[in-house]
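Just so you know, ligand 1 is whichever comes first in the structure, and atom 1 is the first atom listed for that ligand.
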Amino acid sequence: MKKVLLNEEELPKKWYNVLPDLPETVPPPVNPATKEPVKPEQLEVIFAHECVEQEVSDERFIDIPEEVRKVYTMWRPTPLVRAGNLEKAIGTKAKIFYKNESVSPPGSHKPNTAVAQAYYNKHEGINKLTTETGAGQWGSALSFAGAQFGMEVKVYMVKASFEQKPYRKLLMESWGGKCFASPTDLTEIGKKIRKEYPDTAGSLGIAISEAVEDAATHGDTKYAIGSVLNHVLLHQTVVGLEVEKQLADINMEPTIMIGCVGGGSNFGGFFLPFLSRRLDGKNIRFIAVEPKACPSLTKGGYVYDYGDTGKVTPLLKMYTLGSSFIPPAIHAGGLRYHGDAPILSLLKKLNLVEAQSYYQREVFEAGILFARTEGILPAPETNYAIKAVIEEAKKATEDDTIVFNFSGHGHFDLAAYDAFFRGKLEDYAYPEEEIKKAMEKIPRI
Ligand SMILES: Cc1ncc(COP(=O)(O)O)c(C=O)c1O
């Protein structure tokens, strides 16, 4: 069996909310001034009301609105594919499957939440959205989602990626989105950072500050977020719920589930529906994979920190490298975030999730092996998951079923592959000294 497909009618009708099933409560976002938990009304200044409700919901299953399901059917349910050629190339005894989220119009898992967030905002009378983007996948996804509901979308794109990937901007424009190289002079925080660091290549933390400021200072505009928060992981569980059904259809149970982690949304949405198996004592491991250049889960501290560089967001309890982190210009732009989702961070803290980190050259080698065996050129971010799959597959037995989330394709990342082929990619590990220094600047809660 090569491909496991579901019919349109089998597309989940509800998302899975892990909050009531977690062994401990996720620490709430905290107001940096009062050090008190943030009140929902405060979050509603920038987020849709419904998303804020979902952020703290204790309902285990939450209806996917019919309008959202209708848009999902443009590409969902997505295929679950047996990577038989990759298995042979590695010489593994295990079975390997991948969930192909690259078949969405923007090319990744990101529209699973973009469509939901655009829909809720539109439903609540909002017609303008702002956001940040690193690699450009999220900005493309929100531009696509905005086009489905006739909304204006403004994207602050990290300058380094904006320059590396001009075609992502054009894709956003094709769907009606407006894309700017961040830091811009459209916001106060952008102007301030440009003055202090005229040559900065930007960062996700800076772009978030700009997008949040824009939404907070315009009554008709709200902010949509591509990862990290509970409601984003909730929307992404459509992925894991489909995998659950697809594996059940062929009588398989996963023993190892793997995903790359930037903020934690593709990995979270993929494995959270399987968490209860682990809590019930079943043999199943969850492996989060990140760059050695941005090792938040493997080297960061589990503390309250700002979600952005400009310190305009509430504090979140998460694994972090410090919000002052300006990441090195590695090519997996979507993995260059200083923090991680609070849900994922808690599960890592409780040892229910493992974390691994790799250098960028070895992950590009893994991605090339995948392209040559399975045919699809992966996004640089996805290469991190593939590298971990290969390493685990080498050690696995015939009783193992490894399933990973193929979070996106790399068709807009050819400049990164060019750099790899020409020997221009460098390996880099973020220095422990820098992490220590950044930790000293973190607010004490
Ligand atoms: C293809 C792809 N995979 C993974 C990620 C990482 O984000 P997250 O951890 O939220 O899934 C990104 C982020 O931009 C991405 O574009």
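The closest non-hydrogen atom to atom 13 (C) of ligand 1, taken over K110, E101, Q137, E381, comes from K110.
Taking the ring centre of Y319 as origin, the terminal cationic atom of K348 falls inside the region bounded by 6.0 Å and 45° from the ring axis.
When each atom of ligand 1 is checked for a heavy atom of C260 under 4.0 Å away, the hits are 3 (N), 4 (C). Set against the non-hydrogen atoms of V261, the atoms of ligand 1 under 4.0 Å away are 9 (O). Of all the atoms in ligand 1, the ones that sit under 4.0 Å from a non-hydrogen atom of G264 are 8 (P), 9 (O), 10 (O). Within the listing of ligand 1, atoms 1 (C) sit less than 4.0 angstrom from a heavy atom of A379. Taking every non-hydrogen atom of S227 and a distance limit under 4.0 Å, the qualifying atoms of ligand 1 come out as 8 (P), 10 (O).
Taking only nitrogen or oxygen atoms, main chain and side chain alike, G262 reaches within less than 3.5 Å of ligand 1. At under 3.5 Å, a nitrogen or oxygen of S407, whether backbone or side chain, sits near a nitrogen or oxygen of ligand 1.
Atom OG1 of residue T373 and atom CG of residue L86 lie 4.5 Å apart, to the nearest 0.5 angstrom.
Note on K387 versus E391: salt bridge recorded, some NZ/NE/NH1/NH2 to OD/OE distance being below 4.0 Å. A salt bridge is defined here as a Lys NZ or Arg NE, NH1 or NH2 lying under 4.0 Å from an Asp or Glu carboxylate O, and E374 with R82 fails to meet this definition.
Residue pairs that meet the side chain to side chain donor-acceptor pair (under 3.5 Å) test with at least one member in residues 171-181, sequence neighbours left out, are K169-E173. For residues 253-263, the set of pairs meeting the salt bridge (charged side-chain N to carboxylate O under 4.0 Å, His left out) definition, not counting sequence neighbours, comprises E253-R277.
Within the 4.0 Å heavy-atom criterion, the part of L335 lying near ligand 1 is the side chain and not the backbone. Heavy atoms of S265 found under 4.0 angstrom from ligand 1 belong to the backbone as well as the side chain. Of the heavy atoms in N266, both backbone and side-chain atoms come closer than 4.0 Å to ligand 1.
No side-chain donor-acceptor contact under 3.5 Å links T130 and K154.
When atom types are taken as modelled, the side chain of N121 and the backbone of Q117 share a donor-acceptor pair closer than 3.5 angstrom.
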